[in-house]
Structure formats: C-alpha cells, structure tokens
Amino acid sequence: MMAKKIPDISALNSDWIHSEFFQMVPYMVAVVDKDYNIVEANANFEDFFGEWKNKKCYAVYKKQDKPCENCPSFKIFKDGQPRVIDSVVVDKEGRQAHNVVHSVPLHNPDDKSVEFIIEMSSAVTETNRLQQEVSVLFDRVPCYITVIDSDYRIVRANEKFRESFGDVLGQYCYKVYKRRNKKCPNCPAAKTFKDGKNHESEQSGIGKKGQSINYIVSTSPLKRGGGDIAHVIEISTDVTKLKVLEKDIIDAERLAAVGQTVAGLAHSIKNILMGLEGGKYMIGLGLKKDDRDLIDRGSEMLDRNFNKTTSLVRDFLSFSKGRLPELKMTDPNKLATEIIDLYKDIAGQSGIELKSKLSPKIKKAPLDADAIHTCLTNLVSNAIDACQMGKQKGTEVVVSVRDEKNTLIFEVTDNGAGMDYDIKKKIFTTFFTTKGGKGTGLGLLTSRKLVQEHGGRIVVKSQKNKGSLFRLEFPRQRLNYIYKESRKNGDEENN
Amino acid sequence: MGKATKILIIEDEPDVSLYLQTILETEGYKTEVCNTATDGIDRVEEFKPDLVSLDIMMPHETGMSFYVKLKKSRKHARIPVIIISGAVQQKEFCFEDFVPDKSVPPPESYMEKPIDIDLFLQTVKKLLKTASGTKVKGA
C-alpha cells in the first residue's frame with residue numbers, strides 16, 4: 001500500500017507524509033531535497049537529532065557545516081538507486097551513535113527525476129556494542145571455540161584456538177585437532193549432529209607446534225532456522241596443566257604414603273628389637289640368678305618377637321610391591337561378590353550378617369583386581385572384627401558397589417564398635433592397630449596405598465558404638481588416565 | 001625397710017613393658033604398668049609414682065596427650081618423665097613438633113628404642129635424685 005502512495009508525495013503536505021503512520025513508524029524518517037535541506041521529518045527523528053527545520057542534513061546528522069564526503073544522497077540523486085549504509089551520526093546531545101540508514105529516492109511524477117530522498121534511520125549503537133562484546137568474548141574467552149559444518153570442516157575458530165592450533169579455516173576438525181585422516185571414534189560433534197543434544201568428552205590433541213593438548217570439549221547444535229542442524233559449536237577447555245598437576249598430586253600422594261610407611265615400619269621394628277633385647281636380658285638375668293622361670297619367660301619373649309618379625313616382614317613384602325597397578329577392565333560387582341563369598345561363613349559363625357548391595361548395570365572399570373580384592377578383604381575383615389568388638393546385637397556388614405557422578409564406589413559399612421575421633425585420625429598414619437598382638441597395623445595402610453595407586457581415595461566415617469563406613473572412591477576419569485598411562489608405559493617397555 | 005621408689009611404666013607393647021619392669025625391679029624399684037595413655041592420670045593418682053616411663057605411640061590416646069595433662073596438673077607436674085619411643089631418633093627429637101604449646105615444659109629425658117640399659121638406669125637415678133633432692137631409696 002505504501003509503495004502506491006509514495007509517488008503521490010510530490011506535494012510535501014500529502015496525507016501520507018502527515019499520516020499517523022509516518023509519525024509512528026519505528027524509524028527516524030527525514031525527507032531531504034537536492035540542496036541537502038531537510039524538508040520533513042517525523043517525531044522519532046526530532047527526538048533523536050533535535051531541531052531540523054530550515055537546516056541542512058549534514059548539520060543535523062553530523063553537526064557539521066559542509067556536506068559529507070561520499071554523501072550517499074548525492075549519489076542517489078545522481079543514479080536514482082536506493083542505498084543502505086552504516087553511518088556514524090551525532091545526536092542532539094552531541095553523542096556519537098551508529099545508525100543504519102535506508103535511503104530511497106522519491107521521483108517527480110512528471111519527469112521521473114529524483115526530487116527528494118526519504119531517509120529511514122535506525123539506531124544500532126547498542127547492537128554494535130553487543131556485537132563487539134560478543135566478538136571479544138568469542139576470541140578472548142579462555143577456551144577453544146570452533147564452529148564445524150556437517151562435513152566436519154571448521155568454518156569459524158576463535159583467536160585462542162588459532163593461537164594453539166593455527167589458522168585452520170576450511171580444514172577438517174579431526175585433521176586439525178588430532179592430525180587424523182578420518183573422523184574420531186566417539187566424536188561428540190557427531191553425536192550432536194545425530195541427536196541434536198549437547199555432549200561432552202575428554203580428549204587429547206596435538207597443537208600447531210606438536211605439543212600435546214588435553215581438553216574437555218562440549219558440543220552444542222546450531223540449528224538452521226530452528227530446523228536442521230547446520231553446524232555444531234565446539235567449546236573446549238584446555239586441561240593440559242591440570243593433567244600435569246593431577247599427575248604430580250598422584251605422585252606426591254604415592255611418595256607421602258611411602259614416607260609414612262617407612263616411618264611406621266621403623267617404629268614397629270624398634271619395638272620388636274626392644275622385645276628381643278628384653279628376652280635376651282631376661283635369659284641372661286635368669287642364668288645369673290639361676291632362675292628357671294625368668295629364663296623361660298625370656299625365651300618366650302624371644303619367640304614372640306621372632307614371630308612378630310616374621311609376620312611383619314611378610315605383611316610388609318605384600319605391602320611394598322612397588323609397582324603400577326596392573327589394570328584390566330573388571331566387573332566391580334564380581335569383586336564384591338567374591339569377597340562376600342569368602343567371608344560369609346566366617347561372619348556367620350560370629351552371628352554377623354554379611355550382605356551385598358550391587359548395581360546390576362554398573363560399567364566395567366580398569367582396576368587391579370588383586371589390589372581391590374586385598375582392600376575389600378582388609379575392610380570386610382576389619383568390619384567383622386568391629387562387629388565382634390561391639391556390644392550390639394544383630395550386627396551386619398554391607399558391601400555395596402555403585403557409580404556416583406562418574407566415580408566408582410565400593411563401600412563397606414558395619415554397625416559394630418565404631419571409632420572415636422582420635423582413632424579415626426590415626427588409622428592411616430602409622431602401623432596403628434587396636435587389635436593388640438593380632439594386627440600389624442598394615443591393613444588399612446596397604447589399602448590406602450593400593451587405592452591411591454588407582455588415583456582414588458578412602459573416605460572414613462565412624463561413630464563410636466554405632467559403626468563405621470569405609471568408602472573407596474575411584475574417579476573414572478582418573479582410572480582411565482592411569483589405564484592409558486600404564487598401557488603407554490607397557491608399550492614403551494615392550495619396545 | 002623404707003618405702004621403695006615407684007616408677008609407672010606407660011607402654012602398650014606387653015614385651016617392652018615387661019622388659020622395663022624386669023630391669024627396674026631388678027634394681028629394686030617398685031613398678032606398675034599401664035597399657036594406655038587414657039588411664040595414665042588415674043594410675044598416677046592411685047600409684048603416686050616418683051617417675052614415669054612413657055611411650056608415645058599408643059592406641060586411643062598418644063603418650064604426649066597424657067604428658068601434657070600431667071605437666072599441666074599442679075599436683076603432678078614435678079614428676080619426672082622419660083619418654084621412650086621408636087617414633088623419632090634421639091638426635092632428631094623435637095618436643096615442639098609434638099606439643100607446640102610453649103607453656104608445657106619438655107620432658108626430663110627422651111630415649112630411643114631399643115634402649116641402652118645402663119644409660120636408662122643412670123638417667124632414672126639422676127632424675128629421681130634431682131626430683132627429690134635426696135638419695136634415692138632402692139637404686
């Protein structure tokens with residue numbers, strides 16, 4: 001409708017110009033003649049630029065006293081072609097602003113010459129600012145961002161990505177990230193293209209200088225007009241430094257465990273030496289005094305301490321197997337079931353119920369089955385002892401297996417004697433035992449060492465006279481990392 | 001016959017306490033054994049020892065925890081203590097590592113397991129003499 005009326009505008013006081021539409025249109029509209037005079041403008045225009053009557057367009061738009069270089073209106077008067085331009089203007093307060101200006105010629109109905117130009121401006125200052133912000137954010141956010149098309153070609157990459165991987169527009173993402181010639185298995189972008197959902201995975205790639213880069217990539221769909229997934233955006237966080245730190249922490253934990261073990265061992269040996277010295281002293285004294293009883297007691301003391309030496313050395317040897325865990329994909333339920341079978345009768349004889357709580361759908365995990373078997377054996381044996389020491393009736397020990405936030409968990413709980421704060425503090429620090437001559441104090445220390453070698457940890461909760469909970473936590477990401485490392489080391493050794 | 005000098009042995013390893021008991025009783029001291037630090041103060045109250053031989057690493061409560069209680073007690077603070085432990089070498093023993101509280105004085109003696117009997121007996125004798133200011137009965 002508007003197109004039909006525009007040619008009738010030759011008389012500037014036409015109905016259309018002064019219509020409500022002219023005033024209400026969400027643009028700043030002005031009509032300019034060949035001499036750059038603004039001959040009409042709407043209220044939006046006046047609100048933004050201020051007084052315009054009897055003023056030249058350049059004075060109003062730019063607050064300057066001569067026509068602009070490359071004046072688009074001048075060109076339109078010449079060639080009659082409409083134009084759209086980005087223009088920096090000055091508002092009535094003297095502030096610079098960005099406008100997009102659509103300029104359309106109004107022809108003289110008689111000779112078809114361009115008589116006026118109607119200019120419709122919209123302010124895009126805020127849009128420009130946002131665009132600039134997005135652009136800086138895209139480039140400088142401390143993540144790698146790439147947009148890939150359905151052929152897995154990189155169509156956009158941020159500055160951070162280009163710094164690490166080079167200028168790679170148009171190349172295949174698998175070639176750039178991993179120097180591969182075909183798509184990666186378990187590609188999260190492929191999953192996003194398939195199901196339109198976000199996916200995340202941990203990956204390692206090769207940078208432009210050949211450096212190894214570990215990153216966690218998250219993929220999201222970019223839909224074309226709300227329909228097909230035309231592109232996938234990949235946002236990756238570089239975790240290379242974290243990986244190094246994680247390895248350092250695992251190493252430090254291993255070293256700390258060794259240090260504590262050696263100190264504890266020295267303490268145990270000194271006590272044994274003291275017992276041996278005692279036996280020798282009593283035999284000597286018995287001989288001197290011709291006291292048969294003293295000689296016998298001394299001899300028994302020697303025997304006891306020789307036996308202690310034997311069991312300490314045996315336990316220590318099993319503890320000190322200084323090696324990386326031999327990880328194999330293992331069913332965690334199977335391990336727990338084996339322990340239950342092993343201890344069911346022993347527990348039953350003391351009136352203790354041994355139960356299991358398994359997760360039938362739990363995924364296999366890279367574990368050293370022997371090591372975890374040892375840990376669970378120690379924990380279940382301790383739990384049974386705790387039940388025997390406790391005064392409660394109807395005692396039970398529960399072994400459970402589950403996954404929680406990508407962490408594999410084995411848990412041994414009992415409602416036996418429990419521990420107070422002081423004992424809890426000490427259970428991992430020395431060759432500590434509450435079992436008198438029965439224990440060497442190595443069981444939990446060994447368990448902790450084995451769990452740490454898997455990148456895991458032991459959590460203990462206990463309340464005196466109520467029971468204890470020992471939880472072995474194995475973050476699956478750490479297990480996978482150690483698994484990869486051990487396989488890499490194995491390959492190197494084989495080479 | 002006069003009252004024998006009494007020594008309380010706080011030690012959780014039965015063979016170690018039996019050894020110390022035999023050494024000390026052979027020398028004429030009266031001894032008692034307490035195998036936990038937790039019961040230590042009660043045994044001091046009952047037995048009223050002239051000296052305490054104390055182990056550090058024991059279940060439930062450490063020897064140092066007993067030691068702090070003893071030395072903070074107005075009644076028993078003057079009882080000399082020989083700490084006998086395998087936890088730290090004699091030359092590396094630093095009391096502040098165990099008890100940062102500066103108001104607690106260090107022990108009268110520290111000996112590393114296994115002990116030198118002669119040195120142990122000499123130390124016992126010397127500490128008792130210093131504590132009582134008189135010739136020690138039974139030594």
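Basis for what follows: all heavy atoms, side chains included, without hydrogens, waters or symmetry-related copies. Just so we're on the same page: letters track the sequence lines, and every chain starts at 1.
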Exercise. Is it the backbone or the side chain of A:Leu276 that comes under 4.5 Å from a heavy atom of chain B, or both, or neither?
Worked result: neither

Exercise. Side chain, backbone, both or neither: which part of A:Met282 has a heavy atom under 4.5 Å from chain B?
Worked result: side chain

Exercise. Can A:Lys270 and B:Glu13 be counted as an ion pair, charged N to O under 4.0 angstrom?
Worked result: no

Measure the spacing between [atom1] of [X] and [atom2] of [Y] and express it to the nearest 0.5 Å.
| X | Y | atom1 | atom2 | answer |
| --- | --- | --- | --- | --- |
| B:Ile84 | A:Asn271 | CD1 | CG | 11.0 Å |
| A:Met274 | B:Glu11 | CE | CD | 7.0 Å |
| B:Leu18 | A:Glu300 | CG | CD | 10.0 Å |
| B:Tyr19 | A:Arg297 | OH | CZ | 14.5 Å |

Problem set entry | Neighbours of chain A found in residues 63-72 of chain B - heavy atoms under 4.5 Å | none

Exercise. With a 4.5 Å limit on heavy-atom distance, are the side chains of A:Glu277 and B:Ile117 in contact?
Worked result: no

Problem set entry | Any A:Arg304 side-chain heavy atom under 4.5 Å of B:Asp15 side chain | yes

Exercise. At a heavy-atom separation under 4.5 Å, does B:Leu20 approach chain A through its side chain, its backbone, both, or neither?
Worked result: side chain

Exercise. Should the heavy atoms of other residues, nucleotides or ligands under 6.0 Å from CG of A:Asp290 be counted, would the total exceed 12?
Worked result: no

Exercise. If you count the non-hydrogen atoms of other residues, nucleotides and ligands that lie under 6.0 Å from NZ in B:Lys6, is the total more than 12?
Worked result: yes

Seminar exercise, completed: Between B:Thr22 and A:Tyr281, the two heavy atoms sitting closest are CG2-CE2, 3.9 Å

For this session: Could you walk me through whether A:Leu273 and B:Lys113 pass side chain to side chain contact (heavy atoms under 4.5 Å, CB included), step by step?
Result: CA-CA 8 Å; A:Leu273 280 175; B:Lys113 287 177 182 175; over 6 Å; no

